[in-house]
Enquirer: 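Right, I'll just put the structure down here and ask away after.
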Amino acid sequence: MRNFFFVTLRIWKCKLLSDCKHVKGKPNLYSPLLLKGNGKISFGKNVQIGVIASPNFYSHYTYLEARNLGSEISIGNNVSINNAFSAVAFSKITIQNNVLIGVNCSIIDNDGHNLEADKRNSDTIKTKDVLIEENVFLGDDVTILKGVTIGKNSVIGNGSIVAKSIPENVIAAGNPARIIRNL
């Protein structure tokens with residue numbers, strides 16, 4: 001009964017509020033998922049949204065937005081996304097197979113607003129694709145910014161802000177994220 005009120009009803013609510021019409025695949029929902037925008041969102045096989053025994057399970061949801069007609073979010077096979085994740089794509093965000101994403105992570109492929117004060121309310125926004133390659137592990141509270149590629153098998157430490165690409169087979173952490181050691 002508790003699960004119905006605190007989880008199932010919230011999942012239904014987010015399904016009703018979702019307006020993205022171009023969704024392919026069906027993730028395994030353990031927590032609410034809100035899908036927004038005019039672009040495409042695709043899920044591979046065995047994608048898990050939410051983790052029961054983890055922070056923010058009863059209070060947060062996953063937010064995916066493919067903002068414009070040409071925008072795309074693509075999530076590969078065997079991806080596990082923990083609670084309170086958000087991804088906003090103006091161009092393209094790709095998460096390849098076997099990726100683990102920690103609590104309260106976010107990925108954004110754009111600046112959100114123009115950085116010049118006199119153009120801040122214009123529709124001209126800088127955007128660059130984001131790619132998370134196979135078998136990457138993002139710790140809790142990681143933020144990935146536009147134009148970043150994280151190489152396969154790499155680990156990003158808790159609380160990191162990734163503003164530049166990270167090669168494969170390394171551990172990186174910090175603000176801004178820097179390589180700590182090779183794997």
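Computed from a predicted structure; not experimentally measured.
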Enquirer: Quick one: do Val103 and Ile52 end up in the same hydrophobic cluster if we chain Ile, Leu, Val, Met, Phe, Trp and Tyr together by side-chain heavy atoms under 4.5 Å apart?
Expert: no
Enquirer: Do the charged groups of Lys92 and Asp109 touch, with an N to O distance under 4.0 Å?
Expert: no
Enquirer: side-chain contact (heavy atoms from CB on, under 4.5 Å) for Lys146 and Asp111? Distances and angles first, verdict last.
Expert: CA-CA 7 Å; Lys146 75 175 192 266; Asp111 288 333; 2.6 Å; yes
Enquirer: Quick one, Asn78 and Asn97 - any side-chain contact, counting heavy atoms below 4.5 Å?
Expert: no
Enquirer: The test is side-chain contact (heavy atoms from CB on, under 4.5 Å); show your working for Ile150 and Ile144 and say whether it passes.
Expert: CA-CA 9 Å; Ile150 298 179; Ile144 311 284; 3.3 Å; yes
Enquirer: For Lys152, is the NZ atom crowded, meaning more than 12 foreign heavy atoms sit under 6.0 Å from it?
Expert: no
Enquirer: If you round to the nearest 0.5 Å, how far is OG of Ser86 from CD1 of Ile108?
Expert: 8.0 Å
Enquirer: Taking Ser154 for its side chain and Pro167 for its backbone only, find out whether a donor-acceptor pair lies under 3.5 Å.
Expert: yes
Enquirer: Consider side-chain contact (heavy atoms from CB on, under 4.5 Å). Of Leu64, Asn28, Ile73, which one does Phe43 pass it with?
Expert: Leu64
Enquirer: To the nearest 0.5 Å, what is the distance between CD1 on Ile95 and CD1 on Ile132?
Expert: 6.5 Å
Enquirer: Distance from Ser71 atom OG to His22 atom NE2, nearest 0.5 Å?
Expert: 11.0 Å
Enquirer: State whether the side chain of Asn77 and the backbone N or O of Lys45 hold a donor-acceptor pair below 3.5 Å, judged by distance alone.
Expert: yes
Enquirer: Same cluster or not: are Tyr30 and Ile75 linked, directly or through other Ile, Leu, Val, Met, Phe, Trp or Tyr residues, by side-chain heavy atoms under 4.5 angstrom apart?
Expert: yes
Enquirer: Does Leu138 share a hydrophobic cluster with Phe57, counting links as ILVMFWY side-chain heavy atoms below 4.5 Å and allowing steps through other members?
Expert: yes
Enquirer: How far apart are the closest heavy atoms of Thr62 and Ile81, and which atoms are they?
Expert: OG1-CG2, 4.5 Å
Enquirer: Let me confirm one number: the CZ-NE2 distance from Phe85 to His60, rounded to the nearest 0.5 Å.
Expert: 14.5 Å
Enquirer: Please indicate whether Asp118 has more than 12 foreign heavy atoms, meaning atoms of other residues, nucleotides or ligands, lying under 6.0 Å from its CG.
Expert: yes
Enquirer: Counting N and O atoms only, with roles assigned by atom type, does the side chain of Arg178 sit under 3.5 Å from a partner on the main chain of Ala173, one being a donor and the other an acceptor?
Expert: no
Enquirer: What pair of heavy atoms forms the shortest contact from Ala163 to Leu145, and how long is it?
Expert: CB-CD1, 4.0 Å
Enquirer: On a heavy-atom basis, which atom in Leu131 and which in Gln96 lie closest, and how many Å separate them?
Expert: CD1-NE2, 3.7 Å
Enquirer: Closest heavy-atom contact between Arg67 and Phe90?
Expert: NH1-CZ, 3.3 Å
Enquirer: Share the residues that join Leu183 in a hydrophobic cluster, the rule being Ile, Leu, Val, Met, Phe, Trp or Tyr side chains under 4.5 Å apart at the heavy-atom level.
Expert: Leu100, Phe137, Val155, Ile171, Ile180
Enquirer: Please lay out, stage by stage, how Ile125 and Asn110 fare under the test side-chain contact (heavy atoms from CB on, under 4.5 Å).
Expert: CA-CA 7 Å; Ile125 297 166; Asn110 60 83; 4.0 Å; yes
Enquirer: Answer with yes or no whether the side chains of Asn104 and Asp141 bring together a donor and an acceptor at under 3.5 Å.
Expert: yes
Enquirer: As a test of understanding, state which of Asn153, Asn169, Asn98 forms a side-chain hydrogen bond (donor to acceptor under 3.5 Å, both in side chains) with Asn135.
Expert: Asn153
Enquirer: What pair of heavy atoms forms the shortest contact from Gly37 to Asp19, and how long is it?
Expert: N-OD1, 3.2 Å
Enquirer: Could you tell me whether Lys40 atom NZ has more than 12 heavy atoms of other residues or ligands within 6.0 Å of it?
Expert: no
Enquirer: Hey, which of Cys14, Pro27, Ser18 is the one that makes side-chain contact (heavy atoms from CB on, under 4.5 Å) with Leu33?
Expert: Pro27
Enquirer: Do you know which two heavy atoms are closest between Ala177 and Ser160, and how far apart they sit?
Expert: CB-CB, 4.3 Å
Enquirer: If you group Ile, Leu, Val, Met, Phe, Trp and Tyr by side-chain heavy-atom gaps below 4.5 Å, do Val88 and Leu17 land in one group?
Expert: yes
Enquirer: Less than 4.5 Å apart, side chain to side chain, heavy atoms only: is that true for Asn114 and Lys126?
Expert: no
Enquirer: With a 4.5 Å cut-off on side-chain heavy atoms, are Ile166 and Ile156 touching?
Expert: yes
Enquirer: Is there a path of hydrophobic side-chain contacts, each under 4.5 Å between heavy atoms, that joins Phe6 and Ile11?
Expert: yes
Enquirer: Taking the side chain as C-beta and beyond, is there a heavy-atom pair between Thr143 and Val162 under 4.5 Å?
Expert: no
Enquirer: With the side chain counted from C-beta on, respond yes when Pro32 and Arg10 share a heavy-atom pair under 4.5 Å apart, and no when they do not.
Expert: yes
Enquirer: After noting the C-alpha distance and the side-chain angles of Leu34 and Lys13, does the key distance pass the side-chain contact (heavy atoms from CB on, under 4.5 Å) rule?
Expert: CA-CA 9 Å; Leu34 186 59; Lys13 177 179 94 172; over 6 Å; no
